[in-house]
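Values in this document were obtained by computation on a predicted structure and should not be read as measured data.
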Amino acid sequence: MKFRGKLVHIGCIQHFTNIVGTISKLIKTCIMRITMDKVFFILSERIGDGGAQIWCELSQSHFFDEYAMEGVSKEDNEIYLEVHPDLLLRSLKTAHSAKWVKVKLTKKHVPCLTVEIDLPGNSIHQRLVVHDVPVTVVARKLWPDYTEPEMPKFDVSIELPQLKLLKNVVDKMKNLSNYMTLSANANGDMKLSVETDMVAISTHFQHLPNPTW
């Protein structure tokens, strides 16, 4: 198995770092699936037991200027790694002004994602920072556990308002109650509401698009 990718554009580096940061806030471990044209971050737990499912799909051509991989075999040309996203995020936090970032699968004492970061400097010497993030290679027989989840049946599909605005509303409501009700309809209306013995508050959004699937 081999994997090597290089991010050069600072916007792509920051975008990739933000995605890993978001995932690290949600879960402690996840599966990083690497294919010829995409990189995935996957969490698959039993929904019936109160678990969560996450399916994050990144096009490698959007992020990486250089990209090469060889899977476990020609027939199964993929790599599945168990990763701690918080450790990966720590290694990427120094890359906010990097010239480039390389991510590759290496074999140290254990398998690692080695992150190399070329930082700008005032001298002619290269400032290279290297982080080794331990990973676990997932056996081929376990791959079926990480297939894309099926979309559940639904009656309403609605596009959320600007996320920064939505976050501000939710942050204020969470100080009033541990539970919030979200409702939406096919006319582009969405409502967030909190109701307790002391207070009842609701925020309404209108004219939101209703995407078709």
Side-chain angles (χ1 to χ4, degrees), residues 3 5 7 11-35 38-60 62-64 78-96 101 103 105 111-113 115 117 131-138 142-154 156-184 190 192-194 203 205 208 211 213:
F3 166 66
L7 303 95
C12 294
I13 295 172
Q14 292 174 348
H15 192 187
F16 187 81
T17 302
N18 290 339
I19 291 171
V20 174
T22 299
I23 293 172
S24 70
K25 294 178 181 178
L26 300 173
I27 51 180
K28 293 183 178 179
T29 61
C30 67
I31 300 301
M32 184 177 179
R33 175 189 172 196
I34 303 167
T35 68
K38 292 182 180 179
V39 175
F40 304 80
F41 292 99
I42 304 167
L43 173 68
S44 180
E45 296 179 338
R46 291 176 60 89
I47 298 298
D49 296 336
Q53 289 183 310
I54 294 176
W55 184 267
C56 178
E57 184 174 317
L58 310 179
S59 173
Q60 64 90 357
H62 176 77
F63 290 91
F64 296 93
E78 300 184 14
I79 301 172
Y80 283 68
L81 306 172
E82 185 177 17
V83 180
H84 292 268
D86 59 329
L87 297 181
L88 183 58
L89 177 63
R90 287 183 203 172
S91 68
L92 292 169
K93 278 189 173 180
T94 56
H96 61 278
V101 174
V103 183
L105 181 62
C112 291
L113 278 178
V115 181
I117 302 171
H131 302 270
D132 290 321
V133 180
V135 298
T136 302
V137 178
V138 179
L142 300 177
W143 290 8
D145 295 339
Y146 304 103
T147 56
E148 183 174 1
E150 294 184 5
M151 180 72 73
K153 293 182 179 180
F154 54 86
V156 174
S157 172
I158 196 165
E159 185 174 309
L160 295 177
Q162 187 181 35
L163 292 181
K164 186 176 181 180
L165 175 61
L166 190 63
K167 181 179 182 299
N168 289 337
V169 173
V170 174
D171 283 343
K172 290 179 174 62
M173 287 187 169
K174 75 178 182 181
N175 295 324
L176 301 173
S177 174
N178 292 326
Y179 299 94
M180 180 186 70
T181 300
L182 186 152
S183 59
M190 189 179 80
L192 305 180
S193 58
V194 166
T203 299
F205 299 93
L208 299 174
W213 294 80

Peer 1: Atom OG1 of Thr136 and atom NE2 of His84: how far apart are they, to the nearest 0.5 Å?
Peer 2: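 The NE2 atom of His84 is 6.5 Å from OG1 of Thr136, to the nearest 0.5 Å.
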
Peer 1: Roughly how far apart are Ile79 CD1 and Phe3 CZ, rounded to 0.5 Å?
Peer 2: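 The CD1 atom of Ile79 sits 7.5 Å away from the CZ atom of Phe3.
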
Peer 1: Rounded to the nearest 0.5 Å, what's the gap from CG on Leu182 to CD1 on Ile158? Could you check?
Peer 2: 8.5 Å

Peer 1: Could you tell me which residues satisfy ring-ring contact (aromatic ring centres under 6.0 Å, His included) with Phe40, sequence neighbours excluded, listed by chain and number?
Peer 2: Trp55

Peer 1: Would you please name every residue forming a salt bridge (Lys or Arg N to Asp or Glu O under 4.0 Å) with Asp132, sequence neighbours left out?
Peer 2: Lys108

Peer 1: What pairs with Tyr146 under ring-ring contact (aromatic ring centres under 6.0 Å, His included), at least two apart in sequence or on another chain?
Peer 2: none

Peer 1: Show every donor-acceptor pair shorter than 3.5 Å between a side-chain atom in residues 20-33 and any protein atom, with sequence neighbours excluded, or say none if there are none.
Peer 2:
residue, atom, partner, partner atom, Å
Thr22, OG1, Asn18, O, 3.0
Ser24, OG, Gly21, O, 2.7
Arg33, NE, Glu78, OE1, 3.0
Arg33, NE, Tyr80, OH, 3.3
Arg33, NH2, Glu78, OE1, 3.4
Arg33, NH2, Glu78, OE2, 3.2

Peer 1: Take Val137 and Leu81, measure what side chain to side chain contact (heavy atoms under 4.5 Å, CB included) needs, and give me the verdict at the end.
Peer 2: CA-CA 5 Å; Val137 178; Leu81 306 172; 3.9 Å; yes

Peer 1: First locate atom CG of Leu58, then atom CZ of Phe64, and finally report the distance between them rounded to the nearest 0.5 Å.
Peer 2: 8.0 Å

Peer 1: Look at the aromatic rings of Phe16 and Phe41 and report parallel, tilted or perpendicular, splitting at 30° and 60°.
Peer 2: tilted

Peer 1: Nearest 0.5 Å, please: how far is CD in Glu57 from OG1 in Thr35?
Peer 2: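 Between atom OG1 of Thr35 and atom CD of Glu57 there are 8.5 Å.
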
Peer 1: For Tyr179, does the OH atom have more than 12 heavy-atom neighbours from other residues, nucleotides or ligands under 6.0 Å away?
Peer 2: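 No - once you tally the heavy atoms of other residues, nucleotides and ligands closer than 6.0 Å, there are 12 at most.
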
Peer 1: For Phe205, which residues count as a ring-ring contact (aromatic ring centres under 6.0 Å, His included) partner, sequence neighbours excluded?
Peer 2: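 Here no residue qualifies.
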
Peer 1: So Leu87 and Leu113, side chain to side chain contact (heavy atoms under 4.5 Å, CB included) or not? Walk me through it.
Peer 2: CA-CA 10 Å; Leu87 297 181; Leu113 278 178; over 6 Å; no

Peer 1: Please name the pair of heavy atoms, one in Ser59 and one in Lys38, separated by the smallest distance, quoted to 0.1 Å.
Peer 2: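 Closest approach of Ser59 to Lys38, heavy atoms only: CA-CG, 4.3 Å.
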
Peer 1: Of all residues at least two apart in sequence or in a different chain, which pass the side-chain contact (heavy atoms from CB on, under 4.5 Å) check with Asp171?
Peer 2: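 Asp171 satisfies side-chain contact (heavy atoms from CB on, under 4.5 Å) with Lys167, Lys174 once adjacent residues are dropped.
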
Peer 1: With side chain to side chain contact (heavy atoms under 4.5 Å, CB included) as the test, would you mind laying out the steps for Thr203 and Lys172 before giving the verdict?
Peer 2: CA-CA 11 Å; Thr203 299; Lys172 290 179 174 62; over 6 Å; no

Peer 1: Write down the atom of His15, the atom of His62, and the distance for their closest heavy-atom approach.
Peer 2: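 Scanning both residues, the minimum pair turns out to be ND1-NE2, 3.9 Å.
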
Peer 1: Mind listing the closest non-hydrogen atom pair of Ala95 and Val101 along with its distance?
Peer 2: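 In terms of heavy atoms, the two residues are closest at CB-CG2, 3.7 Å.
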
Peer 1: When rounded to the nearest 0.5 angstrom, what distance separates CD1 in Ile19 from CG in Leu89?
Peer 2: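 Output value for this atom pair is 12.0 Å.
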
Peer 1: To check you understand the geometry: which heavy-atom pair defines the closest contact between Val138 and Glu82, and what is its length?
Peer 2: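 Heavy atoms only, the tightest pair is CG2-N, 3.9 Å.
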
Peer 1: Show, in sequence, the C-alpha distance, side-chain angles and deciding distance for Ile117 and Ile13, and conclude whether the side chain to side chain contact (heavy atoms under 4.5 Å, CB included) test is met.
Peer 2: CA-CA 11 Å; Ile117 302 171; Ile13 295 172; over 6 Å; no

